[in-house]
Amino acid sequence: MEEIQSQSDNYRSSSSSASSPACRVPSSNFFYLRKPGTLGQPISFEDSPEWEDTDVVVRVEEGGDTINAATTPVSPSLSKLNSGSLPSPPLPEGAAVARKITGASVVWKDLTVTIKGKRKYSDKVVKSSNGYALPGTMTVIMGPAKSGKSTLLRAIAGRLCPSAKMYGEVFVNGVKTRVPYGSYGFLDRETNLIGSLTVREYLYFSALLQLPGFFCQKKSVVEEAIHAMSLGDYANKLIGGHCCMKGLPSGERRRVSIARELVMRPRILFIDEPLYYLDSVSALLMMVTLKKLASTGCTLIFTIYQSSTEVFGLFDRICLLSNGNTLFFGETLACLQHFSNAGFPCPIMQSPSDHFLRAINTDFDRIIVMCKNWQDDNGDFSSVNMDTAVAIHTLEATYKSSADATAIETMILRLTEKEGPVLKSKGKVSNATRIAVLTWRSLLIMSREWKYYWLRLILYMLLALCIGTVFSGLGHSLSSVVTRVAAIFVFVSFTSLLSIAGVPALMKEIKIYASEESNQHSGALIFLFGQLLSSIPFLFLISISSSLVFYFLVGLQDEFSLLMYFVLNFFMCLLVNEGLMLAVISLWQNIFWSVLTLVTIQVVMMLAAGYFRIRNELPSTVWTYPLSYIAFHTYSILGLLENEYLGTSFSVGQVRTMSGFQALHGAYDISPSSNSKWENLLVLFLMAVGYRILVFVLLHFRARKNLSLQRLCQCNRNSTT
């Protein structure tokens, strides 16, 4: 304790020197100090749900299940912060939003989250955290990297990863329950937007996937979301982000992601790092927009790593974490006072968030060691000479014994002792409507993304042209049979390899599906049907254009029915290949490993297809059974050759003839049956269906795994009572 006290005194003296009378400005410029005479008092709770003491006016409608909340534009804590020389930025013109959001109070009590192997010394990522969030306010979870911010946010929202276990209780309006569908929005740090859609189109498709009702109603909801996030100037601009399209800046893209969640009109909004990758101006604009949103009554809970002084002044409450421990929870004003009481006052010229992270981020210990080596040449680094372990211990001990912690416990008790209205799940859109919306959206995306779709079409035609010119002028003699077999094999094999160019586009679709599925806006079966229906026109366009080029250059039989079978066979081959790509991408969800796996599979299937060595002469183990029977190249080539040669004959000398089956038998192992080409087409169709069933199993298993985790978390909550 003497060592802790000495280091604490050392830090206090260094901080005091930074704010000594010789260099300090008048106290009126300290926006983060409490009013005179309030230093020893606990934080206040003017905005608690005890309605006679609050700035949130609430009434319960008779026979209804909602609370109508009307909040003042600025919370009491914000008004205190604005009493100095650093007021929060003014809201932009037109910021007043007529529609009020019915918020909900959220309380987490003794919340502990364990993830096996996550931490070196302990599996506990969050340790006995307590806190609350009220309608019309912004509650921020702040801390250094790997402090448990995102884990705590996900635990409150019921969105933990499958390997995590949660203990403790979460209350919504005083009821211990999970937040139901449609009552909350959750935004991850990394979001997947569709760059080829405009902002209005993207939000409109989101509304069609989420909201039941008439189209006109959904359009009005979209316009409200655009207005709420101040996106009016960007509503008709492409979101961009790939395909060489100039899109929106990162700040506006982040606001589009939030607007997508606002389409559902959530009562609670969870955001993981809303300022991720934003510069200072974009960050300030983002927080002013969120403050405007909170003023309508929505409950906002989000994580943040660091903020500027202006942004810090917009927060209502702060939950400060370090290594999973709660070092403080309360109003932002009281947090500064808490650090001062613990012996770590914030210097004048330093941002509060920078000061907090400096005191509790253990990475600064390495900087201290570096500074000691050249301290004599560069002066005294008194601002970085505090051991963070001592600071964390001191802050945690000071908070646990403070009046603020007691007041928090009292407030949590008041919020949980009386049950409020239970939030009910909102209705969902029918599966048929969602399939139609996804198909419509995918077709629109394909029509605009030239790099992933139209360029592939051109490449297919160029490849067919190259193969056709190489094998042109073969004639129909007996000597041309072997060469024509080679042409068909090269056409099927090389076009299948070229399909791997579509991996980035399919990967993007899988990521968008994962984002929508996590918010229950889509499902595995819905995604597969929508993807299949939208890809059929594009694949058929590729098959008919490439087949026509190849068919007539090589000089296959000039008969319409045979040509249509060739087109249909190649179309089914592309459909099977796309199903295979979807299965591999769903398994890896990584472009590099997906491409590597697909190339390997394609090469192995080409070797087992029966061209390099007739199938009945291949080694029976592995190559014949099962590889030659699971390679779709085998059935496609068999069908095309049987379509070309069955029923034909070749002259051998002047009197003898040879059937097409006999002429081809030495070059490729085909069946003499006239129906065999349709049987091969049926096998291709079944393989296309089979691969998509495999994709459904992979996606559904991942979704079920997440759902089982949520149920486990709910059981853990119930077991603590």
Side-chain angles (χ1 to χ4, degrees), residues 117 159-164 188 190-192 194 242 438 442 445 452 456 493 495-536 538-539 572-609 622 626-635 683-710:
R159 302 284 291 270
L160 285 170
C161 61
S163 59
D188 278 310
E190 298 283 354
T191 55
N192 295 286
I194 304 176
H242 56 82
L438 288 179
S442 297
I445 293 171
Y452 291 139
R456 284 173 59 195
S493 301
T495 52
S496 298
L497 277 174
L498 187 59
S499 298
I500 299 177
V503 167
L506 294 178
M507 178 68 71
K508 186 71 174 178
E509 291 187 31
I510 291 289
K511 288 183 177 180
I512 293 173
Y513 155 75
S515 176
E516 293 175 342
E517 190 275 334
S518 64
N519 289 328
Q520 303 180 43
H521 301 161
S522 182
L525 192 62
I526 296 171
F527 164 73
L528 285 176
F529 271 109
Q531 194 278 334
L532 176 63
L533 293 176
S534 61
S535 63
I536 284 176
F538 175 71
L539 295 180
M572 294 305 302
C573 183
L574 294 177
L575 206 59
V576 173
N577 201 18
E578 184 164 282
L580 173 62
M581 290 194 297
L582 280 172
V584 173
I585 293 172
S586 301
L587 181 64
W588 287 114
Q589 296 196 0
N590 178 276
I591 290 182
F592 172 78
W593 289 110
S594 298
V595 171
L596 185 63
T597 303
L598 286 168
V599 170
T600 304
I601 292 174
Q602 293 281 356
V603 171
V604 171
M605 286 185 173
M606 289 165 59
L607 292 174
V622 180
L627 287 181
S628 66
Y629 285 91
I630 63 175
F632 65 88
H633 303 67
T634 303
Y635 304 100
V683 172
L684 288 175
F685 173 77
L686 294 177
M687 293 181 75
V689 174
Y691 277 126
R692 278 165 174 78
I693 292 176
L694 178 60
V695 175
F696 171 78
V697 171
L698 292 172
L699 297 178
H700 188 65
F701 175 76
R702 190 180 299 272
R704 292 283 296 178
K705 193 174 182 180
N706 294 333
L707 181 60
S708 63
L709 170 75
Q710 294 176 2

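The shortest side-chain heavy-atom distance between E517 and L699 does not fall under the 4.5 Å cut-off. Looking at H633 and V576, their side chains never come closer than 4.5 Å, going by heavy atoms from C-beta outward. Side-chain contact check for Q531 versus Y513: every heavy-atom pair is 4.5 Å or farther apart.
The CD1 atom of I536 sits 6.0 Å away from atom CG of L575, with the distance rounded to the nearest 0.5 Å. From L596, atom CG reaches atom CD1 of I591 across 13.5 Å, with rounding to the nearest 0.5 Å. For the atom pair L532 CG and S442 OG, the distance stands at 11.0 Å (nearest 0.5 Å). We find the CG-CH2 distance between L598 and W588 to be 11.5 Å, quoted to the nearest 0.5 Å. The CG atom of L539 lies 10.5 Å from the CE atom of M572; values are rounded to the nearest 0.5 Å. For the atom pair OG1 (T597) and CD1 (I585), the distance works out to 10.5 Å, reported to the nearest 0.5 Å.
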Test side chain to side chain contact (heavy atoms under 4.5 Å, CB included) on I445 and E509 and set out the steps. CA-CA 10 Å; I445 293 171; E509 291 187 31; over 6 Å; no

As a quick check of understanding, evaluate side chain to side chain contact (heavy atoms under 4.5 Å, CB included) for N519 and R159, giving each step before the final call. CA-CA 10 Å; N519 289 328; R159 302 284 291 270; 3.0 Å; yes

Do F632 and L684 pass the side chain to side chain contact (heavy atoms under 4.5 Å, CB included) test, and can you show the C-alpha distance, the side-chain angles, and the key distance before you say yes or no? CA-CA 7 Å; F632 65 88; L684 288 175; 4.0 Å; yes

Test side chain to side chain contact (heavy atoms under 4.5 Å, CB included) on Y635 and M687 and set out the steps. CA-CA 10 Å; Y635 304 100; M687 293 181 75; 4.0 Å; yes

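Among all heavy-atom pairs drawn from L506 and L582, the shortest one is CD2-CD2, 4.1 Å. Contact detail for S586 and V695: the closest heavy-atom pair is OG-CG1, 3.7 Å. Summarising the geometry of Y691 relative to A583, their closest heavy-atom pair is O-CB, 4.5 Å, with the distance given to 0.1 Å. In terms of heavy-atom proximity, M605 sits nearest to I630 at CE-O, 3.6 Å. Counting all heavy atoms, side chain and backbone alike, S594 lies closest to V503 at CB-CG1, 4.3 Å. Of all non-hydrogen atoms in S522 and L438, the two that sit nearest each other are OG-CD1, 3.9 Å.
Side chains of N577 and S499: a donor-acceptor N/O pair is present below 3.5 angstrom, by distance only.
Counting heavy-atom neighbours within 6.0 Å of F696 CZ, excluding the residue itself, gives a total above 12.
Sequence neighbours left out, the pairs with a member in residues 577-594 that pass salt bridge (charged side-chain N to carboxylate O under 4.0 Å, His left out) are E578-R692.
Under the 3.5 Å distance criterion, the side-chain polar atoms of S518 are matched with a main-chain donor or acceptor of S515.
Not counting sequence neighbours, R456 has no partner by the salt bridge (charged side-chain N to carboxylate O under 4.0 Å, His left out) test.
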